[in-house]
Amino acid sequence: MPELPEVETLRRGVEIHITGRQLHKVELRRKDLRWPIPVTRVRKLASRRCRLIERRAKYLLLHFDGVIPEVAMIHLGMSGRLFIDLTPRGETSPDWIEHEHWRMHFEGRLMRFIDARRFGMLDVTRESKLQVHPRLSELGPEPLGSDFDADYLFRVSRRRKISIKTLIMNAKLVVGVGNIYASEACFRAGLRPRRAAGSMNRKHCVALVDSIREVLSEAIESGGTTIRDYHGVSQEAGYFARKLRVYGREGEACGSCASRIRRVVEAGRSSFYCPSCQG
DNA sequence: CAACCCACCTGACTGC
DNA sequence: TGCAGTCAGGTGGGTT
């Protein structure tokens with residue numbers, strides 16, 4: 001599923017199509033994904049106008065106008081997709097496809113959510129209570145924001161025995177870094193993914209923060225990474241996959257030194273690294 | 001508190 | 001061809 005660059009790419013696509021448009025109708029085919037969907041609250045968004053689309057971590061936040069403004073929170077889990085169709089006047093809606101769970105009909109646009117594994121989420125909350133929503137309130141800083149810097153990473157990694165990769169994938173410490181970009185950031189920083197987080201010095205933290213910011217920014221520029229499920233709102237693929245240096249490249253030659261890239265499994269997730277570039 | 005494991009769910013792919 | 005096993009971009013909850 002999408003990590004931060006994929007969700008940010010989606011946000012930009014959704015923003016172009018949906019901002020300023022009125023929501024006419026919501027259709028729900030089931031009342032739960034990972035969590036229950038607040039069916040009544042979602043339906044009551046109808047007739048409101050979408051004013052703003054934000055991203056926080058891997059959540060898309062659609063802000064709706066009203067006397068009491070509300071926010072639709074969307075998470076794609078591992079396999080979620082969000083598509084937007086143009087719906088010219090008089091044209092009928094397309095048939096529902098397999099695993100399509102809900103639709104939002106905006107003026108001239110149809111937003112469709114498809115998620116085979118159903119690890120995704122759809123919730124609605126008052127805008128004034130967004131900050132205290134249980135899924136958002138515990139999240140760490142945005143990796144591309146100014147709160148995330150080497151001093152911060154150094155501080156939160158002290159005396160931590162978990163691996164560097166596990167540390168940077170912990171959303172309480174920093175959000176948006178998933179399994180692909182965690183390996184890529186470790187490679188760029190020259191750090192082995194399984195090295196103990198607490199063993200990093202300040203210089204390592206500078207390198208790692210820079211690497212995380214760099215790889216996420218470059219991936220956003222490329223429209224994200226398409227390996228299997230991920231596509232943009234117009235179903236276009238992201239093309240960062242070809243720029244991955246280690247992820248999914250077990251046995252291939254490292255682009256920097258030609259050593260064979262290795263894969264290790266930690267907590268059921270694969271990590272990839274170059275044994276000679278990453279000390 | 002930190003670290004670790006597992007579950008949630010379906011589909012794609014591999015090897016026998 | 002069939003079937004079992006493995007893996008997949010997330011993340012919350014339970015246990016040690």
Side-chain angles (χ1 to χ4, degrees), chain A residues 1-10 29-37 55-60 73-82 97-101 113-123 133-140 143 155-186 193-199 212 215-216 219-220 222-232 237-251 263-272:
Chain A
M1 137 52 187
E3 303 183 33
L4 186 148
E6 291 72 41
V7 179
E8 178 59 25
T9 300
L10 277 177
R29 297 205 114 189
R30 57 182 310 127
K31 51 188 192 307
D32 60 89
L33 291 164
R34 177 169 192 180
W35 311 99
I37 297 173
R55 178 191 55 73
R56 172 74 173 109
K58 297 170 188 167
Y59 292 89
L60 277 181
M73 300 172 55
I74 300 167
H75 195 292
L76 305 187
M78 290 279 263
S79 56
R81 298 170 164 217
L82 202 59
I97 62 174
E98 198 179 20
H99 304 306
E100 183 174 357
H101 304 305
F113 181 85
I114 297 96
D115 183 8
R117 296 174 75 180
R118 303 202 303 275
F119 294 165
M121 177 186 115
L122 174 62
D123 200 3
H133 190 283
R135 301 277 78 77
L136 301 184
S137 61
E138 305 288 306
L139 294 176
R155 184 158 45 82
V156 300
S157 60
R158 291 312 82 193
R159 287 178 296 284
R160 300 297 295 264
K161 293 177 178 170
I162 50 168
S163 70
I164 292 172
K165 175 165 173 273
T166 301
L167 184 90
I168 63 177
M169 288 177 69
N170 181 348
K172 289 183 177 171
L173 301 182
V174 58
V175 302
V177 182
N179 207 41
I180 294 178
Y181 299 113
S183 279
E184 293 298 308
C186 288
R194 283 193 299 177
R195 175 176 175 154
S199 74
I212 290 169
V215 72
L216 295 178
I220 291 169
S222 297
T225 300
T226 296
I227 292 176
R228 261 174 300 275
D229 296 315
Y230 172 73
H231 285 79
Y239 53 91
F240 195 72
R242 71 188 66 168
K243 298 181 190 168
L244 298 174
R245 312 279 288 276
V246 289
Y247 184 86
R249 299 194 183 281
E250 181 183 17
R263 179 173 82 103
V264 290
V265 177
E266 200 187 354
R269 320 297 305 274
S270 293
S271 304
F272 299 86

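Proteins get letters first, then strands, A, B, ... in listed order; numbering begins at 1 in each. Computed from a prediction, not measured in an experiment: that's the story for all the values here. FYI, side chains are in, hydrogens and waters are out, and symmetry mates aren't considered; it's all heavy atoms of this structure.
- Between R117(A) and D115(A) no salt bridge is recorded (no basic side-chain N to carboxylate O distance below 4.0 Å).
- In this pair, F119(A) lays its aromatic ring flat on the base of dC8(B), centres within 5.5 Å and planes under 30 degrees apart.
- Here the P atom of nucleotide dA12(B) and the CE atom of M78(A) are 15 Å apart, to the nearest Å.
- Within the nucleic acid shown, F240(A) has no heavy atom closer than 4.0 Å to any nucleic acid atom.
- OP1 or OP2 of dA3(B) lies within a sub-4.0 Å distance of a side-chain N or O belonging to R160(A).
- When the C1' atom of dG10(C) is taken as reference, atom CZ of R81(A) falls 17 Å away, rounded to whole Å.
- Protein atom CD of E138(A) is 9 Å distant from nucleotide atom P of dG12(C), rounded to whole Å.
- Between the side chain of R117(A) and the base of dA8(C), at least one donor-acceptor pair of N or O atoms lies under 3.5 Å.
- In this structure, the CG atom of D123(A) is 21 Å from the P atom of dG10(C), given to the nearest Å.
- In this structure, S270(A) reaches the sugar-phosphate backbone alone: every heavy-atom distance under 4.0 Å involves primed, P, OP1 or OP2 atoms, never a base.
- Atoms CD (E266(A)) and C1' (dC7(C)) sit 17 Å apart, rounded to a whole Å.
- Across all strands shown, G268(A) has heavy atoms under 4.0 Å from sugar-phosphate atoms exclusively, and none from any base.
- Counting to the nearest Å, the P atom of dC7(C) and the CG atom of D229(A) are 18 Å from each other.
- To the nearest whole angstrom, the two P atoms, one in dG14(C) and one in dC9(B), are 16 Å apart.
- Taking the six-membered ring where the residue is Trp, H75(A) and Y59(A) present perpendicular rings, their angle passing 60° and hence far from 30°.
- Using the Watson-Crick or G-U wobble rule with both distances under 3.5 Å, dC9(B) pairs with nothing in any strand shown.
- Using cut-offs of 30° and 60° on the angle between ring planes, the pair Y247(A) and F272(A) is perpendicular.
- Straight-line distance from the CD atom of E6(A) to the C1' atom of dA8(C): 14 Å, rounded to whole Å.
- Each of dG10(C), dG11(B), dG12(C) was ranked by its minimum atom distance to the side chain of R135(A); first place goes to dG12(C).
- Backbone-only contact: I162(A) has heavy atoms under 4.0 Å from sugar-phosphate atoms and none from a base.
- Nucleic acid contact for E98(A): sugar-phosphate only, since backbone atoms but no base atoms lie under 4.0 Å from a heavy atom of the residue.
- For R34(A) and dT11(C), the shortest distance from a side-chain N or O to OP1 or OP2 is not below 4.0 Å.
- If K161(A) and A116(A) are placed on DNA chain B by their nearest nucleotide, the residue sitting closer to the 5' end is K161(A).
- To the nearest 0.5 Å, atom CD of residue E3(A) and atom CD of residue E184(A) are 9.5 Å apart.
- Put simply, the residue from D123(A), L122(A), V7(A), L33(A) that forms a side chain to side chain contact (heavy atoms under 4.5 Å, CB included) with I74(A) is L122(A).
- For dC9(B), neither phosphate oxygen OP1 nor OP2 lies less than 4.0 angstrom from any side-chain nitrogen or oxygen of S79(A).
- Between K58(A) and dT11(C), a side-chain N or O to OP1/OP2 separation shorter than 4.0 Å is present.
- A sub-4.0 Å separation between OP1 or OP2 of dT10(B) and a side-chain N or O of H99(A) is absent.
- If you take CD1 of I97(A) and C1' of dG11(B), they are 14 Å apart, rounded to a whole angstrom.
- In this structure, L139(A) and K172(A) have side chains that are not in contact, with every pair of non-hydrogen atoms separated by 4.5 Å or more.
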